[in-house]
2 protein chains.
Amino acid sequence: MDDVRFAVLGTGGIGRRTLEVSQHKDGLTAVAACDRNGVAVNHGGLDVDELLEATEGNIASGPQGGPEQSSGDEPRDSEPRDDVATDGGAAAATEGVKQHGDQAGVVASEQGRPTETPIDDVIAESDAIDAVLIALPNLEHDFIPRVAERFAEADYEGVLVDVLKRSRVIGMLDDREEQLTESGITFVCGAGATPGFLTGAAALAAQSFVEVEEVEIWWGVGLKSGYEDNRGTVREDIAHLDGYDIETAREMSEAEIEELIDDHDGVLEFHDMEHADDVLLERAGICDAEDVHVGGVLDVRSDEKPTTTTVSVTGTTFDGETGTNTFQLDDVTSMEANVNGPALGYLKAGVRNNRAGHYGVFGPADLMPGF
Amino acid sequence: MDDVRFAVLGTGGIGRRTLEVSQHKDGLTAVAACDRNGVAVNHGGLDVDELLEATEGNIASGPQGGPEQSSGDEPRDSEPRDDVATDGGAAAATEGVKQHGDQAGVVASEQGRPTETPIDDVIAESDAIDAVLIALPNLEHDFIPRVAERFAEADYEGVLVDVLKRSRVIGMLDDREEQLTESGITFVCGAGATPGFLTGAAALAAQSFVEVEEVEIWWGVGLKSGYEDNRGTVREDIAHLDGYDIETAREMSEAEIEELIDDHDGVLEFHDMEHADDVLLERAGICDAEDVHVGGVLDVRSDEKPTTTTVSVTGTTFDGETGTNTFQLDDVTSMEANVNGPALGYLKAGVRNNRAGHYGVFGPADLMPGF
């Protein structure tokens with residue numbers, strides 16, 4: 001495949017690390033990055049080291065916990081953001097921008113310039129951009145779908161990738177599929193760790209079977225950088241606990257969250273999370289969404305993973321045996337490593353599809369060989 | 001994806017089971033099958049049940065042992081076959097045709113008719129065939145590459161899939177890539193269990209890492225149908241043992257093989273086999289071929305797998321940790337299940353690529369999202 005020129009919207013944890021990881025491989029050139037206050041564009045290739053160094057320390061939302069990734073796909077503020085929310089401004093938002101120094105975020109880089117319309121600025125350059133990683137917190141459920149819409153309105157022909165988590169967002173993207181297809185956009189959704197890496201693993205493991213009965217995705221995350229930097233994501237995860245939902249979690253005070261965490265000795269266990277692995281596996285024909293179960297354990301006080309991240313796929317073979325194939329990630333592989341490699345892998349797969357004229361909405365499992 | 005019309009060359013173990021397994025899913029229609037003596041074609045779809053029933057018992061080479069698949073990719077006869085060897089005649093050969101009853105093999109089906117040129121007969125119908133699974137023993141290393149050549153000479157535009165094992169065959173296919181591409185052929189090679197299923201799993205597991213240090217593929221096979229039906233493959237596997245090679249294994253008498261197996265109490269263990277996983281992972285940019293190791297244990301006297309089939313991928317993450325991700329197949333999943341699902345999965349992936357205009361030679365890992 002020829003060189004892939006990509007942009008990153010948002011320079012929080014995922015955005016920064018994607019830029020970093022892309023340098024380890026040939027064929028990926030970062031040409032644009034933006035955050036709330038600034039944008040940097042160089043079609044010959046950004047100086048990633050300089051950009052990362054200049055923006056270091058801008059991750060209030062940090063390397064997040066939760067299910068091995070950190071998009072933050074739901075509101076973190078009690079006040080919903082409205083129309084402005086689809087511009088990188090409100091989007092990359094308070095958590096994703098450097099809060100100290102003379103200048104904040106991308107603007108601190110000698111490659112950056114201030115702007116009030118960072119996403120529009122990237123769209124303006126998008127003729128020369130093959131793929132865009134949307135590494136913004138999904139402040140509202142329809143936030144990322146609305147960003148996609150704006151690219152479509154500008155007749156962008158290329159790839160959009162996100163690492164969203166909530167199942168319901170996939171339907172919102174599907175609602176916009178016609179518009180995306182007409183524009184020539186290949187939208188790869190849920191392309192982080194889970195959904196993403198582990199969804200692909202489930203699709204692969206399913207190939208022993210003619211009928212898949214259950215997919216269980218079980219993740220472990222130990223927050224290397226500690227809990228302080230990850231309050232936003234922990235709040236988001238609390239919404240998945242029994243007796244809590246998005247609204248109640250949003251309204252909790254910091255002290256209430258502290259108390260909850262203390263009650264659990266820093267270890268939160270989640271079951272039956274609303275994770276898009278379910279709809280993404282169903283749309284790829286692997287199994288019914290209701291047969292997919294996602295859960296895991298988050299330890300906010302240790303760097304060690306509290307449990308081994310495992311995908312278990314149970315099914316029946318053509319010769320009538322019922323068995324379980326498993327995929328396990330080494331405990332030493334960080335959530336960050338398991339988001340960013342796959343995100344770039346799916347990005348490249350998206351570009352191959354886009355160049356072949358395959359437009360619309362694709363999940364990770366749609367991009368795998370699948371019986 | 002629209003319906004995929006496929007043909008199977010050879011109705012030995014893999015050919016028959018592929019026909020059987022394809023019935024479990026929508027979107028796959030078997031339209032042609034052939035063996036040494038006969039061919040059956042129905043563009044509206046073969047009556048697979050009738051065909052399988054009529055040809056039952058034709059598997060002298062049976063559900064094979066060895067590394068989870070059964071293509072038999074090397075000479076099994078001491079006399080090399082020459083020009084005729086690329087026709088299904090000599091190809092599907094003595095082991096793949098029903099040896100009893102009034103009529104042998106496909107001809108025994110009411111859909112079959114006798115022919116002396118089965119492969120040519122399928123080629124003659126290939127305008128209406130999207131994909132062809134080459135389930136023939138690779139009697140000589142260049143046998144399958146030569147079959148591919150014949151399709152290219154006939155300007156076939158579609159997918160060819162094989163389940164070959166030996167590394168050196170990939171190079172022979174690459175030598176013919178220009179011809180295949182000109183014809184419009186997408187050739188997916190090594191698309192069984194290993195190489196194939198497990199190669200894809202290795203490519204997937206590699207995505208945590210920016211540098212892959214080692215891939216270890218370790219298979220276990222217990223021959224359900226016993227040893228008697230699998231003498232050919234056992235002989236082939238013996239060539240991988242220390243102190244043996246293709247020539248010495250070929251020249252052993254049945255008694256000598258029996259003695260060797262007795263000496264091992266029916267359990268043969270293999271290390272550093274020449275398996276195309278190595279070159280297939282290298283060509284996809286996952287790691288160097290020399291860092292791929294394939295081995296396993298074959299128990300010819302038990303239906304239980306003597307060891308759990310496991311893929312271990314060791315690498316370094318972007319943040320400097322070294323870890324090992326693993327993929328394991330349940331012991332109850334048979335070698336047959338682990339060949340045929342993936343073979344059909346890769347076949348469908350091949351068709352998607354072919355329809356997108358991607359021609360040439362592809363390995364399993366080339367068809368995966370890959371960073």
Side-chain angles (χ1 to χ4, degrees), chain A residues 17 20-28 188 191 197 200-201 204-211 224 285 314-315 317-319 321-334 336-338 340-350 352-353 355-358 364 367-371, chain B residues 17 20-28 188 191 197 200-201 204-211 224 285 314-315 317-319 321-334 336-338 340-350 352-353 355-358 364 367-371:
Chain A
R17 292 191 305 265
E20 181 182 348
V21 174
S22 71
Q23 296 186 289
H24 288 276
K25 296 269 174 170
D26 297 329
L28 280 169
V188 186
F197 195 9
L204 186 88
Q207 297 201 80
S208 297
F209 308 118
V210 292
E211 187 74 41
K224 267 193 181 171
T314 301
T317 64
F318 83 103
D319 45 2
E321 299 280 351
T322 297
T324 302
N325 292 342
T326 54
F327 179 68
Q328 286 199 322
L329 300 179
D330 195 304
D331 286 349
V332 305
T333 64
S334 62
E336 294 89 332
N338 294 325
N340 291 279
L344 285 168
Y346 287 120
L347 184 149
K348 289 169 83 171
R352 281 200 299 271
N353 274 274
R355 289 178 179 169
H358 300 160
L367 300 175
M368 308 285 289
F371 164 49
Chain B
R17 290 190 307 264
E20 182 183 347
V21 174
S22 71
Q23 296 185 286
H24 289 276
K25 296 268 174 169
D26 297 329
L28 280 170
V188 185
F197 195 10
L204 186 89
Q207 297 201 82
S208 297
F209 308 118
V210 293
E211 186 76 39
K224 268 195 179 166
T314 302
T317 64
F318 83 103
D319 45 3
E321 298 282 351
T322 298
T324 301
N325 293 343
T326 53
F327 178 69
Q328 286 200 321
L329 300 180
D330 194 304
D331 286 350
V332 306
T333 64
S334 62
E336 294 87 334
N338 294 324
N340 290 281
L344 285 168
Y346 287 121
L347 183 149
K348 287 169 84 171
R352 281 200 299 271
N353 274 274
R355 288 178 180 169
H358 300 159
L367 300 175
M368 308 285 289
F371 163 49

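Chain A is the first sequence line, chain B the second, and so forth, proteins listed ahead of strands; every chain is numbered from 1.
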* Enter the distance from B:R352:CZ to A:N353:CG here, rounded to the nearest 0.5 Å. => 8.0 Å

* Asked: Any idea which of B:A343, B:G200, B:A205 has the most non-hydrogen atom pairs under 4.5 angstrom with chain A?
  -> B:A205

* Roughly how far apart are B:F327 CZ and A:L329 CG, rounded to 0.5 Å? -> 12.5 Å

* **Engaged part of A:T322 at the chain B interface, taking heavy atoms whose separation is under 4.5 Å** => backbone

* To do: Could you have a look at B:L367, B:D331, B:T326, B:T314 and say which one has the most heavy-atom pairs with chain A under 4.5 angstrom?
  => B:T326

* Could you have a look at A:G323, A:A356, A:S208 and say which one has the most heavy-atom pairs with chain B under 4.5 angstrom? => A:S208

* Evaluate the side-chain proximity of A:P369 to B:M368: yes if any heavy-atom separation is below 4.5 Å, no if none is. => yes

* Asked: chain B heavy atoms under 4.5 Å from A:E20: which part of the residue, side chain, backbone, both or neither?
  -> side chain

* Sidechain-backbone polar pair: B:N325 side chain, A:D330 backbone, donor-acceptor under 3.5 Å -> yes

* So which part of A:A206 gets closer than 4.5 Å to some heavy atom of chain B, the side chain, the backbone, both or neither? -> neither

* To do: Find out whether B:V210 and A:V21 are in side-chain contact, i.e. whether some heavy atom of one side chain is under 4.5 Å from a heavy atom of the other.
  => yes

